[in-house]
Amino acid sequence: SGQKVCYGAFKRSCYKLAYFQDVSRRVGFQEARQACEIDGGALLSLESEAEQQLIENMLQNLTKSGSGISDGDFWIGLWRSGDGLTMSSVCSDLYQWADGSISPFRNWYTDEPSCGSEACVVMYHQPTANPGLGGPYLYQWNDDRCNMKH
């Protein structure tokens with residue numbers, strides 16, 4: 001399920017947001033990735049500030065629509081594999097897009113990625129949370145454990 005919106009100006013002309021108010025329907029990173037692929041797409045690669053802004057606008061419109069969307073982060077297609085992890089590697093350089101995009105664009109929240117066991121990335125969407133040092137937990141990215149349900 002989800003809302004599909006199509007545009008002409010971006011490399012990927014259609015986007016689909018899936019948000020589940022029912023926490024029991026939320027899924028881990030690999031399940032989300034597979035669901036997108038079964039649907040003929042891929043988890044989102046955000047390749048520019050303009051595309052980031054487009055997605056933020058879509059989320060704001062979804063919020064305004066009275067759909068009941070509230071706290072709940074969204075998986076995006078950025079993740080870090082254990083391959084090539086060496087002491088000389090900078091953790092943030094090891095993240096890659098699931099669809100093979102090579103875009104260097106990143107929108108990390110302050111002090112992210114924290115790395116360690118957190119290897120998959122969400123776009124924050126916690127409008128009711130008190131702001132942290134980096135401001136509201138809205139639309140910036142955070143690495144999280146891949147088995148978390150979003």
Side-chain angles (χ1 to χ4, degrees), residues 1-63 65 67 69-86 88-127 134-150:
S1 69
Q3 176 189 15
K4 184 174 181 178
V5 180
C6 296
Y7 302 91
F10 292 91
K11 186 171 81 176
R12 287 172 297 280
S13 58
C14 294
Y15 298 85
K16 187 173 183 180
L17 295 176
Y19 173 78
F20 301 106
Q21 187 79 35
D22 180 354
V23 175
S24 69
R25 295 189 60 205
R26 296 179 185 178
V27 297
F29 180 84
Q30 291 298 349
E31 293 166 282
R33 186 176 180 179
Q34 289 170 347
C36 291
E37 290 169 358
I38 289 168
D39 205 24
L43 270 177
L44 179 63
S45 293
L46 289 145
E47 298 186 7
S48 68
E49 183 64 45
E51 193 169 26
Q52 170 77 28
Q53 189 61 54
L54 176 75
I55 299 304
E56 289 181 23
N57 291 343
M58 287 177 67
L59 287 169
Q60 288 163 4
N61 288 339
L62 197 59
T63 305
S65 71
S67 64
I69 187 171
S70 60
D71 288 4
D73 299 335
F74 290 84
W75 288 120
I76 61 173
L78 194 64
W79 69 293
R80 172 176 52 89
S81 72
D83 300 341
L85 183 58
T86 66
S88 62
S89 294
V90 176
C91 169
S92 61
D93 293 341
L94 299 175
Y95 283 83
Q96 57 194 345
W97 294 108
D99 68 358
S101 165
I102 57 169
S103 169
F105 176 74
R106 300 293 185 265
N107 190 42
W108 295 113
Y109 190 78
T110 302
D111 296 333
E112 300 296 346
S114 51
C115 299
S117 62
E118 299 180 336
C120 296
V121 179
V122 294
M123 180 182 289
Y124 272 137
H125 190 267
Q126 298 176 26
Y137 293 99
L138 282 173
Y139 315 125
Q140 291 176 298
W141 308 353
N142 171 48
D143 57 334
D144 203 352
R145 295 192 316 277
C146 298
N147 62 352
M148 294 297 287
K149 307 290 186 186
H150 295 297

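Along the sequence shown, the residues carry numbers beginning at 1. This structure is a prediction, so every number in the text was calculated from the model and none was measured.
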**Asked** Where do A119 and Y95 come nearest, in terms of heavy atoms and distance?
**Response** O-CE2, 3.6 Å
**Item:** Criterion side chain to side chain donor-acceptor pair (under 3.5 Å) on S24 and D22, from CA distance to verdict
**Value:** CA-CA 5 Å; S24 69; D22 180 354; 2.7 Å; yes
**Asked** Within a strict 4.5 Å, meaning less than it, do heavy atoms of the N61 and M58 side chains meet?
**Response** no
**Request:** Answer yes or no: is there a side-chain heavy-atom contact under 4.5 Å between R106 and L78?
**Result:** yes
**Request:** Run the numbers on Q34 and Q30 for side chain to side chain donor-acceptor pair (under 3.5 Å), then give the verdict.
**Result:** CA-CA 6 Å; Q34 289 170 347; Q30 291 298 349; 5.3 Å; no
**Request:** Please identify each residue that fulfils side-chain hydrogen bond (donor to acceptor under 3.5 Å, both in side chains) with N147, with sequence neighbours left out.
**Result:** none
**Message:** If you compare all heavy atoms of Y109 against all heavy atoms of G135, which two are closest, and at what distance to 0.1 Å?
**Reply:** OH-O, 2.8 Å
**Request:** May I ask you to decide if H125's main-chain N or O and D73's side chain share a donor-acceptor pair within less than 3.5 Å?
**Result:** yes
**Fill in**
Separation between CG (L138) and CD (Q60), nearest 0.5 Å, reads 8.5 Å
**Prompt:** Is there side-chain contact between R80 and C115, with heavy atoms separated by less than 4.5 Å?
**Reply:** yes
**Request:** Just jot down the disulfide bond (SG atoms under 2.5 Å apart) partners of C146, sequence neighbours excluded, or say none.
**Result:** C120
**Prompt:** Distance from Y139 atom OH to N57 atom CG, nearest 0.5 Å?
**Reply:** 8.5 Å
**Request:** First locate atom CZ of R25, then atom OH of Y19, and finally report the distance between them rounded to the nearest 0.5 Å.
**Result:** 12.0 Å
**Prompt:** For the atom pair CZ (F74) and CG (L17), what is the distance rounded to the nearest 0.5 Å?
**Reply:** 6.0 Å
**Request:** Quick one: list whatever passes ring pair (Phe, Tyr, Trp, His ring centres under 6.0 Å) with W141, sequence neighbours left out.
**Result:** W97, F105
**Prompt:** How close do T110 and G134 get, heavy atom to heavy atom, and via which atoms?
**Reply:** OG1-CA, 3.2 Å
**Item:** Whether W79 and F29 hold their rings parallel, tilted or perpendicular, with breakpoints at 30° and 60°
**Value:** tilted
**Gap separating the OG atom of S92 from the CD atom of E112, nearest 0.5 angstrom** = 11.5 Å
**Prompt:** If you round to the nearest 0.5 Å, how far is CG of L46 from CE of M123?
**Reply:** 4.5 Å
**Item:** Evaluation steps, side chain to side chain contact (heavy atoms under 4.5 Å, CB included), between V122 and M148
**Value:** CA-CA 10 Å; V122 294; M148 294 297 287; over 6 Å; no
**Request:** Locate the shortest heavy-atom distance separating L54 from Y15; write the atom from each residue and the value.
**Result:** CD2-CE1, 3.5 Å
**Prompt:** What are the two closest non-hydrogen atoms of E47 and S101, and how far apart are they?
**Reply:** OE2-OG, 2.8 Å
**Request:** Could you tell me which non-hydrogen atom of Q21 sits nearest to which non-hydrogen atom of R26, and how far apart they are?
**Result:** O-NH2, 3.9 Å
